[in-house]
Amino acid sequence: MTTQLFWDRIAPKYARKPVDDPDAYEEKLALAASLLKPANRVLEIGCGTGTTALRLAPYVRHYTATDGSRAMIGIADAKLDQGAPANVTFHHADAGELIAGAPFDAVCAFSLLHLVEDIPGVLAAVHAQLEPGGLFLSKTVCTKAAAWPVRALIPTLTTLRIAPRVTPLSEGDLVRFLEDAGFRVERAMQLGKKRMSPIVIAHKTG
Ligand SMILES: C[S@@+](CC[C@H](N)C(=O)[O-])C[C@H]1O[C@@H](n2cnc3c(N)ncnc32)[C@H](O)[C@@H]1O
């Protein structure tokens, strides 16, 4: 799985990298915390090194976080020895896999959907693992909103293995993917300076 080789290779650097826009990150956490409930069982897919999982776990009953990169999960797991909340578990898994513990009350996917090769497949797995009416909270980079020189550069950066493979998306594309997968999109909003990564609040219909 070439995508995961990319993430395995950059995991240590990713773990050291400071958060891009700290105010927007804190706003995202506050929004997520306000939507989650203390009784919730939560799944986060594409959790990276687990930073967000460890911040959100105190707000819920149990927080399962998965990532397709063994190196990312290794770094996340090491944080569990350092006074982390006791209700978090990390697992190596593709975002399209069904995870033990389903159904969940909420699924989160932060900076992930634009990176997966099969968006409908991942959304079908999210849908299958949610309780009826369950929350899907995502933040997704929509490169169609970027200036054309940036858009033109992305394939070259991918070929050079400087950037991962990215599906070009607009906010409208994202909403359509979600609706086609059986979600009701409640709200899409932009946090932070870049205005390129909408947060979408959606619920499983039915
Ligand atoms: C940009 S990082 C985001 C990490 C974390 N969610 C955050 O917000 O910091 C993308 C993560 O998605 C993971 N990833 C990419 N494709 C994946 C897939 N198909 N299944 C599971 N994880 C995937 C990568 O391993 C990486 O950890």
Side-chain angles (χ1 to χ4, degrees), residues 1-11 14 32 36 40-53 56 60 62-77 88-144 154 158 161 163-185 188 197-206:
M1 203 196 288
T2 48
T3 305
Q4 295 322 328
L5 291 180
F6 172 87
W7 291 106
D8 282 347
R9 180 168 55 82
I10 71 152
Y14 192 85
L36 298 173
N40 280 176
R41 291 151 298 124
V42 178
L43 170 66
E44 183 185 341
I45 51 177
C47 70
T49 60
T51 308
T52 300
L56 291 179
V60 302
H62 193 268
Y63 201 105
T64 303
T66 65
D67 197 279
S69 156
R70 283 189 193 282
M72 291 283 190
I73 287 296
I75 293 168
D77 257 335
V88 186
T89 48
F90 290 113
H91 302 284
H92 172 244
D94 188 84
E97 274 180 57
L98 302 185
I99 304 300
F104 297 94
D105 302 295
V107 176
C108 300
F110 300 122
S111 303
L112 174 74
L113 287 179
H114 58 292
L115 299 170
V116 306
E117 283 174 28
D118 178 11
I119 295 176
V122 167
L123 291 179
V126 170
H127 194 271
Q129 295 180 91
L130 267 177
E131 293 279 11
L135 167 72
F136 180 50
L137 181 64
S138 74
K139 181 167 184 279
T140 308
V141 178
C142 289
T143 54
K144 284 188 182 173
I154 293 171
T158 302
R161 304 197 309 152
R165 192 207 63 83
V166 171
T167 302
L169 290 170
S170 66
E171 191 175 304
D173 295 334
L174 197 56
V175 168
R176 270 187 297 279
F177 271 123
L178 285 160
E179 289 176 345
D180 289 350
F183 292 93
R184 184 182 71 255
V185 174
S197 302
I199 294 215
V200 177
I201 302 170
H203 286 93
K204 173 172 171 168
T205 52

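Keep in mind it's a predicted model, so treat the numbers as computed, not measured.
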Distance col, row D94:CG vs I99:CD1, nearest 0.5 angstrom, shows 9.0 Å
Sequence neighbours excluded, the answer for side-chain hydrogen bond (donor to acceptor under 3.5 Å, both in side chains) partners of D105 is R41
Closest heavy-atom pair, A106 versus L36, reported as atoms and distance to 0.1 Å, is CB-CD2, 3.7 Å
What one should report as the nearest heavy-atom pair of E171 and A188 is OE2-CB, 3.4 Å
side-chain contact (heavy atoms from CB on, under 4.5 Å) with C108: of V42, L135, L43, only one passes, and it is V42
Hits for side chain to side chain contact (heavy atoms under 4.5 Å, CB included) against V175, two or more places apart or cross-chain, chain-then-number order -> E179, V185
**Verdict with supporting geometry, V116 and I45, side chain to side chain contact (heavy atoms under 4.5 Å, CB included)** = CA-CA 11 Å; V116 306; I45 51 177; over 6 Å; no
d(T49 OG1, D77 CG) to nearest 0.5 Å is 11.5 Å
Residues passing the side chain to side chain contact (heavy atoms under 4.5 Å, CB included) test with R165, sequence neighbours excluded, are E117, T158, T167
Residues passing the side-chain hydrogen bond (donor to acceptor under 3.5 Å, both in side chains) test with T143, sequence neighbours excluded, are none
Sequence neighbours excluded, the answer for side-chain hydrogen bond (donor to acceptor under 3.5 Å, both in side chains) partners of R184 is none
Sorted by chain and number, sequence neighbours left out, side chain to side chain contact (heavy atoms under 4.5 Å, CB included) with A65 holds for E44, C47, A53, Y63, F90
Answer yes or no: is there a side-chain heavy-atom contact under 4.5 Å between S111 and S197?
no
For R176, the salt bridge (charged side-chain N to carboxylate O under 4.0 Å, His left out) test, sequence neighbours excluded, returns D173
Heavy atoms of T205 and G182 approach each other most closely as OG1-O, 2.8 Å
Item checked: Neighbour count >12 (heavy atoms, 6.0 Å) for atom CZ, R70 -> no
Quiz item: Taking the side chain as C-beta and beyond, is there a heavy-atom pair between L113 and V122 under 4.5 Å?
Solution: yes
With sequence neighbours left out, the residues meeting side chain to side chain contact (heavy atoms under 4.5 Å, CB included) with P120 are D118, F177
For P164 and L115, the nearest pair of non-hydrogen atoms, with its separation, is CG-CD2, 3.6 Å
Residues E97 and Q129: closest non-hydrogen pair is O-NE2, 3.4 Å
**Asked** Hey, are the side chains of L137 and V200 touching, using non-hydrogen atoms and a 4.5 Å cut-off?
**Response** no
Rounding to 0.5 Å, atoms CG (D8) and CG (D67) come to a distance of 9.0 Å
H203 meets the side-chain hydrogen bond (donor to acceptor under 3.5 Å, both in side chains) criterion, sequence neighbours left out, with E186
Residues pairing under salt bridge (charged side-chain N to carboxylate O under 4.0 Å, His left out) where one sits in residues 197-206, two or more places apart or in two chains, turn out to be none
On a heavy-atom basis, the closest approach of G96 and A125 is O-CB, 3.4 Å
Residue pairs meeting ring-ring contact (aromatic ring centres under 6.0 Å, His included), one or both in residues 95-142, sequence neighbours left out, come to H127-F183, F136-F183
